[in-house]
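Per chain, numbering begins at 1; letters A, B, ... match sequence-line order.
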2 protein chains.
Amino acid sequence: MNIADQTFPAADSANEDRAQAIRDQLRDAIVDRRLAPGTKLSEGEVGTLFEVSRTVARAALQMLSFEGLVRTERNRGAFVANPSPEEARQVFASRRLIEPGIAIAAAGRMTPAHVVAFKAQLDEEGRFIVERGPSARRSEIKASGDFHLLLASVAGNVILQRFMEELVARSSLVIALYGRSGISSCGHSEHMQILEALETGNAPRASALMLHHIDHIEADLDLRVRGGPALRQALEL
Amino acid sequence: MNIADQTFPAADSANEDRAQAIRDQLRDAIVDRRLAPGTKLSEGEVGTLFEVSRTVARAALQMLSFEGLVRTERNRGAFVANPSPEEARQVFASRRLIEPGIAIAAAGRMTPAHVVAFKAQLDEEGRFIVERGPSARRSEIKASGDFHLLLASVAGNVILQRFMEELVARSSLVIALYGRSGISSCGHSEHMQILEALETGNAPRASALMLHHIDHIEADLDLRVRGGPALRQALEL
DNA sequence: TTAGAAAAGATTGCATACGATTTTTGCGAG
DNA sequence: CTCGCAAAAATCGTATGCAATCTTTTCTAA
């Protein structure tokens, strides 16, 4: 696996917790689907990959399990989460509840610098959409999530920001699992509309657009159980 | 079945993760104000107290730091969180955003068993209010939080439920820090009104009542900085 | 007397070791 | 050939040890 392809520990992350750095890399790998749901992440393996002891690897896995990206079973190990359709629905129900409010808060705090950041974000997003292929699709899902994270950071509530980080990460997993193909071009245009509403300070419109946007994302999922949940459970791993 | 499982942490949690059991006890102590904000929680001390190694104590502290109840500083240790007024405002802003939606969801899922559980909860809450004294006041804060947690469990979204657990725990800390005295009797009656709306399936009313209730809780805080934030920062441990 | 530096002490970060539990493998009986 | 069972391997849970870092104390010099 090329998950730990970071050569030098950057000066910044060397000063920080190594477990946190490993968590970030693993999270990226999970959200990008380089690690498939259900993949076993043994402490020893993660430790050797990142050249740390099991202690540190274990701490990283524990953090991911708090975020819901990894499920751990006692005396068995850690596995990349494999969210059920029901979990997927709850993720989007949570987003429907939270994100319109975040959009309203953000609309009242937009600065020109924020607008610039959003424009750059949307440009990047657009680049991945014109490309095709599995790699571009992964980047597209990630970039789409980054839009929502940027919005949450503008809203200025660190607690809600952390909630959104978790929800966006889990959404990426869900989209990768249950997503249909040709969705996100429409998502991109909706992001642009939302930015427009934010720029003009039209909070109600931004909020309503966000709600529709989330609905559209969820509507483009195929949440029917494939072959029944029991079978799925039995076959996984 | 949702409030009944708050029994003694004896046989069940001995079989479970010990770190989790320690986390629960520490969280209760923090929420109950038996551990004052700013108190140092050294790994060794926690370990000896609970008769486990530093490894296990460390894991428990890490969990609490994820929940925002404990703040850890590298190479310095863990301390009971000391939320700033700004953090307090963000906690309640988050609750204003999330809890009305939870009330709506819960209103659509109430069963007679839920009603019984709520009645029992409110009875207990009332008992602590007639009593006076610091111990009763702590129990009162905790019982008041339990009402909101029960509501979240009825709503049936495990993700939102976890968010609410964090928000309620942090709220308890904030109330203990910034709360004025004679607040909660009014809170109790509001809880009863909310239950009434839930029983009759009046979701909009339950939602509106919840919003007012949160406003009232926050209004009864004194969030003025005491002596300036710089001084506060300088003096605290 | 006080400022500053050096040593002592305490605490965390991390690695490693060992027992416990689970999973896999190997082998013989049916 | 399949099934069951026991031994082996793998993996986790936890304790402990050592080095690094931070804090406190102590000692010296202006």
Notebook entry, point to check: A:Arg76 CZ to D:dG13 C1': how many Å, rounded?
Noted result: 16 Å
Next item on the list: Take atom CD of B:Glu43 and atom C1' of D:dG17, then tell me their distance rounded to the nearest Å.
Entry: 15 Å
Next item on the list: Please state how far atom CZ in B:Phe50 lies from atom P in D:dA15, giving the value in whole angstrom units.
Entry: 14 Å
Margin query: If you compare every side-chain N and O of A:Arg74 against the phosphate oxygens of C:dT21 (OP1, OP2), does one of them come in below 4.0 Å?
Written below: no
Margin query: If you compare every side-chain N and O of A:Arg58 against the phosphate oxygens of D:dC12 (OP1, OP2), does one of them come in below 4.0 Å?
Written below: no
Notebook entry, point to check: Can you find a pair of side-chain heavy atoms, one from A:Val91 and one from A:Pro83, that are under 4.5 Å apart?
Noted result: no
Notebook entry, point to check: Taking the side chain as C-beta and beyond, is there a heavy-atom pair between A:Leu167 and B:Phe163 under 4.5 Å?
Noted result: yes
Note to self: In this structure, how many angstroms lie between the P atom of D:dG13 and the CD atom of A:Gln62, rounded?
What the structure shows: 10 Å
Item checked: Atom pair CD (B:Glu165) and CG (B:Leu160), whose distance is rounded to the nearest 0.5 Å -> 11.5 Å
Check: Which whole-number value in Å describes the distance from A:Glu51 CD to C:dC14 P?
Finding: 15 Å
Detail all sub-3.5 Å separations between protein N/O atoms and N/O atoms belonging to nucleotides 16-20 of chain C.
residue: C:dT16; atom: O4; partner: A:Thr55; partner atom: OG1; Å: 3.3
residue: C:dA17; atom: N6; partner: A:Arg54; partner atom: NH2; Å: 3.4

Check: Do the non-hydrogen side-chain atoms of A:Thr39 and A:Ile30 ever get within less than 4.5 Å of each other?
Finding: no
Check: Looking at A:Arg180, A:Arg96, A:Arg89, A:Arg95, which one forms a salt bridge (charged side-chain N to carboxylate O under 4.0 Å, His left out) with A:Glu218?
Finding: A:Arg96
Note to self: Any side-chain N or O of A:Arg18 below 4.0 angstrom from OP1/OP2 of C:dC14?
What the structure shows: yes
Note to self: Does anything in residues 147-162 of chain B form a salt bridge (charged side-chain N to carboxylate O under 4.0 Å, His left out)? List the pairs, not counting sequence neighbours.
What the structure shows: A:Glu166-B:Arg162
Notebook entry, point to check: Which whole-number value in Å describes the distance from B:Arg71 CZ to C:dT12 P?
Noted result: 14 Å
